[in-house]
Amino acid sequence: MSAELDATVTRLREQVAALHGELVRYNLVAWTAGNVSARVPGRDLMVIKPSGVSYDDLRADNMIVCDLDGVVVDGDLSPSSDTAAHAYVYRAMPEVGGVVHTHSGYATAWAARGEAIPCHLTAQADEFGGEIPVGPFALIGGDDIGKGIVATLSGHRSPAVLMRNHGVFTIGRDARAAVKAAVMCEDVARTAHLTRALGTPAPMAQADIDALYDRYQNVYGQPNRAAGAS
């Protein structure tokens with residue numbers, strides 16, 4: 001690898017290793033389940049966690065670099081069992097820079113029911129722009145999961161999909177955005193479950209959902225500052 005590419009991969013290895021800690025922090029994973037990956041910008045490469053390694057043992061230097069066919073390019077360990085799924089998403093969706101998979105409890109319960117999470121919350125409208133959809137059942141190991149993710153999320157506002165009888169996959173412009181989507185998906189799933197337990201959720205008008213999504217995506221937060229501005 002060139003010096004520039006090597007520096008980029010090193011940075012992404014550090015970022016991906018650190019972001020796995022966020023999955024643990026927000027109780028989205030158990031044991032060695034779950035994974036985060038990041039696309040290497042401008043290259044047909046991605047960085048992903050090794051398979052079956054404890055979260056306590058994940059470090060930048062044991063993250064795996066693969067090409068977008070899932071073939072290991074650099075790394076001493078076997079990559080995640082979901083590597084083919086991540087690779088398919090990157091091949092099919094060039095705008096995606098990060099992919100995350102979890103089995104977080106509440107969201108995965110909705111996936112086990114095969115039911116989309118309807119939008120009854122302003123926070124869900126903000127982040128997901130409507131319902132969180134359900135994707136098809138697919139076996140682990142090949143790229144069928146990736147095909148299901150892409151088919152479900154293409155043209156959809158939601159960065160999260162509940163893969164039937166499996167768990168959550170999220171996408172983002174980078175790995176951090178995909179992790180945020182996974183955190184928010186579980187938060188929404190938990191509240192939606194509690195709402196159902198209390199009774200029938202109050203509906204939200206589609207126009208209000210659209211307005212909330214537009215505001216959050218385009219107005220909320222701090223404006224971009226010009227370089228050198230204070």
Side-chain angles (χ1 to χ4, degrees), residues 22-23 25-30 33-36 82 85-86 88-89 92-93 95-96 98-140 144-173 176-221:
E22 296 298 291
L23 302 187
R25 176 186 177 193
Y26 286 98
N27 297 313
L28 304 185
V29 294
N35 39 71
V36 178
D82 290 307
H86 288 238
Y88 186 91
V89 172
M93 305 179 82
E95 72 278 12
V96 171
V99 179
V100 171
H101 172 47
T102 78
H103 300 156
S104 59
Y106 284 92
T108 299
W110 286 83
R113 285 179 51 82
E115 183 177 357
I117 303 175
C119 187
H120 297 298
L121 299 166
T122 60
Q124 183 172 345
D126 287 346
E127 191 75 35
F128 300 95
E131 71 171 20
I132 299 174
V134 172
F137 175 78
L139 292 175
I140 300 167
D144 285 349
I145 291 174
K147 291 176 181 177
I149 295 167
V150 170
T152 306
L153 293 185
S154 292
H156 203 292
R157 286 173 173 173
S158 176
V161 55
L162 311 174
M163 292 299 286
R164 189 183 297 266
N165 302 109
H166 186 173
V168 181
F169 282 84
T170 61
I171 58 175
R173 65 184 179 277
R176 182 174 178 81
V179 169
K180 180 193 176 189
V183 172
M184 297 306 295
C185 181
E186 178 64 4
D187 185 65
V188 164
R190 180 175 58 250
T191 305
H193 168 78
L194 294 172
T195 302
R196 283 276 184 89
L198 292 170
T200 303
M204 290 181 68
Q206 185 61 50
D208 292 333
I209 293 171
D210 293 343
L212 287 160
Y213 181 75
D214 180 70
R215 179 202 66 89
Y216 188 76
Q217 298 299 321
N218 299 306
V219 179
Y220 176 81

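FYI, side chains are in, hydrogens and waters are out, and symmetry mates aren't considered; it's all heavy atoms of this structure.
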- Task: Examine distances only and state if a side-chain atom of His101 and a backbone atom of Val168 form a donor-acceptor pair shorter than 3.5 Å.
- Result: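 Yes, because the side chain of His101 sits within donor-acceptor range (under 3.5 Å) of the backbone of Val168.
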- Can you check whether Val29's main-chain N or O pairs, donor with acceptor, with Thr102's side chain at less than 3.5 Å?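 No.
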Closest contact, heavy atoms only, [X] versus [Y]:
{"X": "Val134", "Y": "Thr152", "result": "O-CG2, 3.7 Å"}
{"X": "Cys185", "Y": "Ala107", "result": "SG-CB, 4.0 Å"}
{"X": "Met163", "Y": "Ala111", "result": "O-CB, 3.5 Å"}
{"X": "Trp110", "Y": "Pro118", "result": "CZ3-CD, 4.0 Å"}
{"X": "Leu153", "Y": "Ala160", "result": "CD2-O, 3.5 Å"}
{"X": "Met204", "Y": "Thr122", "result": "SD-N, 4.1 Å"}

Taking atom [atom1] of [X] and atom [atom2] of [Y], what is their separation to the nearest 0.5 Å?
{"X": "Asp126", "Y": "Arg215", "atom1": "CG", "atom2": "CZ", "result": "5.0 Å"}
{"X": "Ser158", "Y": "Glu131", "atom1": "OG", "atom2": "CD", "result": "8.5 Å"}
{"X": "Arg196", "Y": "Ile117", "atom1": "CZ", "atom2": "CD1", "result": "9.5 Å"}
{"X": "Glu95", "Y": "Ile171", "atom1": "CD", "atom2": "CD1", "result": "6.5 Å"}
{"X": "Glu127", "Y": "Gln217", "atom1": "CD", "atom2": "CD", "result": "6.5 Å"}

- Message: Does this structure show an ion pair linking Arg176 with Glu22, if we count only N-O contacts that are shorter than 4.0 Å?
- Response: no
Classify the angle between the aromatic ring planes of [X] and [Y] as parallel (below 30°), tilted (30 to 60°) or perpendicular (above 60°).
{"X": "His86", "Y": "Phe169", "value": "perpendicular"}
{"X": "Tyr220", "Y": "Tyr216", "value": "parallel"}
{"X": "His193", "Y": "Tyr106", "value": "tilted"}

